[in-house]
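Here the structure is laid out as structure tokens; the discussion comes afterwards.
Letters A, B, ... mirror the listed sequences (proteins, then strands); counts begin at 1.
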Protein chains: 2
Amino acid sequence: MTRKPAIEDVALQLFASEGFEGASLGRIADAVGIRKPSIYAHFRSKEDLFLCVFKRTLRRKQYMLLRHILQDTERPFEETLRELVERLMDDHESDAETRFLLRMCYFPPSALHDQVMALVNPFFAQAELGLIRLLEQPVHSERLRPECAQEAALAYLTVLDGVMAEAIYTTRAKAARRLEAIWPVYCRGVLIAE
Amino acid sequence: MTRKPAIEDVALQLFASEGFEGASLGRIADAVGIRKPSIYAHFRSKEDLFLCVFKRTLRRKQYMLLRHILQDTERPFEETLRELVERLMDDHESDAETRFLLRMCYFPPSALHDQVMALVNPFFAQAELGLIRLLEQPVHSERLRPECAQEAALAYLTVLDGVMAEAIYTTRAKAARRLEAIWPVYCRGVLIAE
DNA sequence: ATCGAACGAACTAACGGTCGTTAGGTTGTA
DNA sequence: TACAACCTAACGACCGTTAGTTCGTTCGAT
């Protein structure tokens, strides 16, 4: 019965709340209930542990994102997109995985900056492409202002990050206020006026 | 000839690029050109050094922000607000102060979380109030959709953070793309249709 | 003569990491 | 069925390094 998954889970939590440099292997081991050298039975180094956790998290989130976006393409896209923001706000509050991912995308450990960005860039590119694919569906693009699918996708990502920013530095409740304020603005801005 | 300002400047830069835990007093001292114990002639501890730098930065940014927002209230507010985003993108690229402030608002050193937030919250509240005060000027509010100054202010802050998010994790150029995409959306969303 | 900035030396604690060993389960062979 | 061989997770002890911090002293300007 290996403690490997437990190590990854605990590392994720501590990396999310203390950062890479702030989370020591000793405290990770303590929280798992093992001794520090035992970690090296499963990971070659602290950096290796970090990258394993990071890749796993990226994989899961990518799957979740694309599934959410492309799962019901008939539904009005505003509903799908707004629900996605709300879901990410919930996730940010309840699971450390989202907090970890956001933190490390913003401020990766500086020694691993290039490696992390080489993973993150395709992730963001995929998300943007998925959004554009959704908005270019005829059902939706005929409701959008002309030639505007890519702009609407970019604008949405901006809204998403802006709301999540508030979730990071204050609370879910205040982030929800931001969403209430900007969502009608976003919709009026990208939809054809009736 | 005291090295105190130099220490603060270097600490700012290293805190901005490596984080609080990632920046050591030894490397700060090296970059200043002094020895590590000399820092203690000016600051009681690493945390004290951090808080001094943080307060100074907050003070300066607050002054800059309010000045920018309320300096020419006759000018169309879209111009003022868009220029502010562009200015912050420039600052983020060129001066470490903006990078430091953003990083530490998002992810303060966990031991100092409460102290930092007690400083940051009034800062954000002031910024929001300044924006509302601008938008409630009759010249502007008559062009806004009715009863919408506060929403327009909140939405603007969301846009701002969303654009800055891209500046943080990629580049100024990609952040500018976001601004291009969202700015017409924002304006259409808050202004009365003509 | 005084005062503060800066220093060398040194402290304790903690860091990431290595090594040789142990305990428990699985497998190979007879 | 028996038992040795093997594997692997976990461990205690410990390595060299660096962290933040303290202390007593020096040095230059007032």
> So, are B:Arg172 and B:Glu86 salt-bridged, with charged N and O less than 4.0 Å apart?
Replying inline: no
> So does A:Arg143 pair up with A:Glu78, basic N to acidic O under 4.0 Å?
Replying inline: yes
> Does the side chain of B:Asp48 come under 3.5 Å of the side chain of B:Ser45 through a donor N or O and an acceptor N or O?
Replying inline: no
> With respect to the side chain of A:Arg3, which nucleotide from C:dA6, D:dA10, C:dT18 is positioned closest?
Replying inline: D:dA10
> Between C:dA14 atom P and A:Leu14 atom CG, what is the distance in whole Å?
Replying inline: 16 Å
>> Nearest heavy atom decides the nucleotide; on that basis, is B:Leu25 or A:Gly33 closer to the 5' end of DNA chain D?
In response: A:Gly33
> Does a side-chain N or O from A:Ser24 land closer than 4.0 Å to OP1 or OP2 of C:dC15, or not?
Replying inline: yes
> Quick one: A:Leu49 CG to C:dG17 P, roughly how many Å, whole number?
Replying inline: 10 Å
> Hey, are A:Arg178 and B:Asp161 close enough for a salt bridge, meaning a charged N less than 4.0 Å from a carboxylate O?
Replying inline: yes
> Does a side-chain N-to-carboxylate-O contact under 4.0 Å join A:Glu128 and B:Arg177?
Replying inline: yes
> Heavy atoms under 4.0 Å, any strand shown: does B:Lys36 hit a base, just sugar-phosphate, or nothing?
Replying inline: base
> Does one side chain, of B:Glu18 or A:Ser110, offer a donor that lies under 3.5 Å from an acceptor on the other?
Replying inline: yes
> Between B:Phe43 (CZ) and C:dG4 (C1'), how many Å, whole number?
Replying inline: 15 Å
> Out of D:dG20, D:dA9, C:dG16, which nucleotide sits closest to the side chain of B:Lys46?
Replying inline: D:dG20
> How many Å lie between CG on B:Asp30 and P on C:dA6, as a whole number?
Replying inline: 15 Å
> Expressed in angstrom and rounded to an integer, what is the separation of B:Arg44 atom CZ from D:dG20 atom C1'?
Replying inline: 15 Å
> Between C:dG17 atom P and A:Phe50 atom CZ, what is the distance in whole Å?
Replying inline: 14 Å
>> Closest approach to the side chain of A:Ile34, judged atom by atom: which nucleotide of D:dC23, C:dA6, D:dC11 is it?
In response: D:dC11
>> From the set C:dG16, C:dC7, D:dG20, return the single nucleotide nearest to any side-chain atom of B:Tyr40.
In response: D:dG20
>> The side chain of B:His42 is closest to which nucleotide in this list: C:dT18, C:dA6, C:dG16?
In response: C:dA6
>> When you compare the side chain of A:Asp91 with that of A:Glu97, does any pair of heavy atoms fall below 4.5 Å?
In response: no
> Between atom CD1 in A:Ile39 and atom C1' in C:dT18, what is the gap in whole Å?
Replying inline: 14 Å
> Bend across the helix from C:dA1-D:dT30 to C:dA30-D:dT1, to 10°, with axes taken over 5 pairs at each end?
Replying inline: 10°
> Does C:dA5 have OP1 or OP2 sitting under 4.0 Å from an N or O in the side chain of B:Ser38?
Replying inline: no
> What is the distance from CZ of B:Arg35 to C1' of D:dG24, rounded to the nearest Å?
Replying inline: 19 Å
